[in-house]
There are 2 protein chains.
Amino acid sequence: MAAQVEVIESRSERKERTRRAILDAALQLTEDSSLVAISLRQVAKEVGIVPTAFYRHFESVESLGLALVDESFESLRGLLREVWLRSPQFQDYIDGSLPVLAEHVRAHRAHYSFIARERAAGPPRVREAIRHEIELISRELATDVARLPDGQAFSTDHLNLLADLIVSFVVTTAERLIEDPGAEARILADTRTQLRMLMVGAINWRSAR
Amino acid sequence: MAAQVEVIESRSERKERTRRAILDAALQLTEDSSLVAISLRQVAKEVGIVPTAFYRHFESVESLGLALVDESFESLRGLLREVWLRSPQFQDYIDGSLPVLAEHVRAHRAHYSFIARERAAGPPRVREAIRHEIELISRELATDVARLPDGQAFSTDHLNLLADLIVSFVVTTAERLIEDPGAEARILADTRTQLRMLMVGAINWRSAR
DNA sequence: AGTTTGAGTGAACGTGTGTTCACTCAGATT
DNA sequence: AATCTGAGTGAACACACGTTCACTCAAACT
């Protein structure tokens, strides 16, 4: 007979633990479906609570989705800002960011899988929240590049378009990493080359426009 | 009292008409949901047939999805090939393709909306079919550009990467056109500039690698 | 010690789900 | 004219759905 260990747990700790379990269950169920296709009851069953208890934590599946979006982007923005602050050259932005992204995707596969799906197919407010987060990253990149010597060659508008071009493609890359994790090495090598093509364009842009 | 007109209709015509109605109903229901979230019964109700009759046309919702993927890409590939055959310069590929894409998106909004959603969130085989179609377009672009004077500067690998870069970004653009049809003019103008940045990179690539 | 709070329960509701089966009854074939 | 074929029917199945409601009972507060 195993000894029965009684764990002392405060009320708020217990609530947080259940909330966490709900978020994790939703991530797992979303892995090969979508927020709009899973049911409150599936989530509850996965967590091991009765359907009604779900409402103590989220008012709907959609608001659960919004919480997952927040969670997903929370650490990434910080990581990227850190890399960018230490990048003296345009080139360094890629050489630094791409491995950071790849590792982040690897460490948070479920979150990225969730974002990739819901970005296109989620409830409208969830889609909008994701679009907004990506736009914030794009804007941060633009203002950062503006401070570089290379950045002086661009008008504000063109800087924003360049940042959007880069971020859009990196989003595509992240989605590919999720879709086929086994091909990570090839995907990263290809993306690196492609981003360099893009940067050659950016550096030669001033004279070409 | 209106006169009752008796329409003579062959058996296969009638079947084709119902099949068409099922495809259209699925497109409409998918407009703000997803294949994985709609039900066979919803489709049948929309068409005005009993659920069982659905099986006379498709064996599952997934195979309905595969039919819609075929339909969606059918005309686009032909249109793009036509533009590319008449493009003597690299630059012309963009100046020709972008308006063609925009008009195609406008004329087939429901299909593109379907593709945008299911590409990320559809059933696995549907996702795979869409990925495949997009890859075919990318490959065609690569072999076409290879014939141009500008294309001689690239190795086969780099040509494929360049084509993938362009096509990926254009896919993003198509998804934006679907997401916000009212912003078409701005989206197209921005994309045009961004593709030019990209081409400046391509043209200067030889000397930079 | 006595009271309040709130996370989790469990039954019940009306409705929607995919799939089965035996059927009808016009158009196509013989 | 007689037969066959197959698109569409309608009932039935066992189950899953979101939401409601009155409830328990331990931790937190007074």
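Both backbone and side-chain heavy atoms feed into the values below; hydrogens, waters and symmetry mates do not. Quick caveat: nothing in here was measured; it's all calculated off a predicted structure. Order of the sequence lines sets the chain letters (A, B, ...), proteins ahead of strands, with each chain counted from 1.
- Taking atom CD on Glu59(A) and atom P on dG18(D), their separation rounds to 15 Å, with Å as the unit.
- dG18(C) atom C1' lies 15 Å from atom NZ of Lys45(B), rounded to whole Å.
- OP1 or OP2 of dC17(D) sits under 4.0 Å from a side-chain N or O of Ser39(A).
- Taking the six-membered ring where the residue is Trp, Phe90(A) and Tyr93(A) present perpendicular rings, their angle passing 60° and hence far from 30°.
- Within a 6.0 Å sphere centred on CZ of Arg77(A), heavy atoms belonging to other residues, nucleotides or ligands number more than 12.
- Judged by atom type and distance alone, Arg56(A) does not reach the base of dG6(C) through any side-chain donor-acceptor pair under 3.5 Å.
- Residue Thr18(A) places at least one side-chain N or O closer than 4.0 Å to OP1 or OP2 of dG8(C).
- Around CD of Glu103(B), the count of heavy atoms belonging to other residues, nucleotides or ligands within 6.0 Å does not exceed 12.
- Proximity note for Leu40(B) (side chain, C-beta onward) versus dG18(C), dT9(D), dG18(D): the nearest is dG18(C).
- Taking only distance into account, the side chain of Arg41(B) meets the base of dG18(C) through a donor-acceptor pair shorter than 3.5 Å.
- Heavy atoms of other residues, nucleotides or ligands lying less than 6.0 angstrom from CD of Glu184(A) number more than 12.
- Residue Ile38(B) is the one, among Ser12(B) and Ile38(B), whose nearest nucleotide of DNA chain C lies closer to the 5' end (criterion: closest heavy atom).
- The side chain of Arg11(B) lies closest to dG27(C), out of dT19(C), dA7(D), dG27(C).
- Each of dG8(C), dG10(D), dT19(C) was ranked by its minimum atom distance to the side chain of Ala53(A); first place goes to dG8(C).
- Closest contact between the side chain of Ser10(B) and the listed nucleotides dA28(C), dA7(D), dT20(D) involves dA28(C).
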